[in-house]
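Structure, as structure tokens:
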Amino acid sequence: MAQERWSAMMALFLLVVLVAVVLGIIGVAAEGLGYLLAIGIVLLAVDVIFFAVRLSRHAGRRPVR
């Protein structure tokens with residue numbers, strides 16, 4: 001169960017990163033669409049921060065041996 005949840009979360013993380021990269025590429029390639037680049041950068045930053053927080057919470061639940 002935990003492995004399935006972790007896999008789903010990783011898949012969602014990678015999907016959001018992919019969307020952020022695509023928005024960034026479109027924002028750079030098309031003139032006048034710089035706001036897409038900004039949205040891509042913000043989306044990537046929020047996703048990485050969210051993933052880091054979730055990872056740190058997950059690491060804190062391990063029992064001490």
Side-chain angles (χ1 to χ4, degrees):
M1 176 86 170
Q3 182 65 27
E4 292 174 6
R5 186 173 179 194
W6 181 254
S7 296
M9 191 172 77
M10 184 59 78
L12 181 64
F13 172 77
L14 293 176
L15 177 68
V16 173
V17 168
L18 182 64
V19 168
V21 169
V22 169
L23 284 175
I25 290 171
I26 292 171
V28 168
E31 292 188 25
L33 295 178
Y35 65 92
L36 286 179
L37 176 61
I39 291 171
I41 291 170
V42 169
L43 185 63
L44 180 64
V46 168
D47 192 38
V48 168
I49 291 169
F50 177 75
F51 188 73
V53 167
R54 294 283 297 177
L55 189 62
S56 68
R57 286 185 186 172
H58 181 69
R61 294 183 185 169
R62 294 184 188 153
V64 179
R65 294 186 180 199

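Atoms considered below: every heavy atom in the structure, side chains included; atoms not considered: hydrogens, waters and symmetry mates.
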Do [X] and [Y] sit in the same hydrophobic cluster, where Ile, Leu, Val, Met, Phe, Trp and Tyr count as joined when their side-chain heavy atoms come under 4.5 Å apart?
{"X": "V42", "Y": "V28", "result": "no"}
{"X": "V46", "Y": "L43", "result": "no"}
{"X": "L23", "Y": "Y35", "result": "yes"}

So how far is it from [X] [atom1] to [Y] [atom2], rounded to the nearest 0.5 Å?
{"X": "F51", "Y": "L14", "atom1": "CZ", "atom2": "CG", "answer": "8.0 Å"}
{"X": "L44", "Y": "I49", "atom1": "CG", "atom2": "CD1", "answer": "9.5 Å"}
{"X": "L33", "Y": "I39", "atom1": "CG", "atom2": "CD1", "answer": "10.0 Å"}

Review point. If you look at every heavy atom in G40 and A20, which pair is closest and at what distance?
Key: O-CB, 3.3 Å
Check your understanding: Is the closest side-chain heavy-atom distance between V21 and I25 below 4.5 Å?
Key ->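 The answer is yes; the side chains approach within 4.5 Å.
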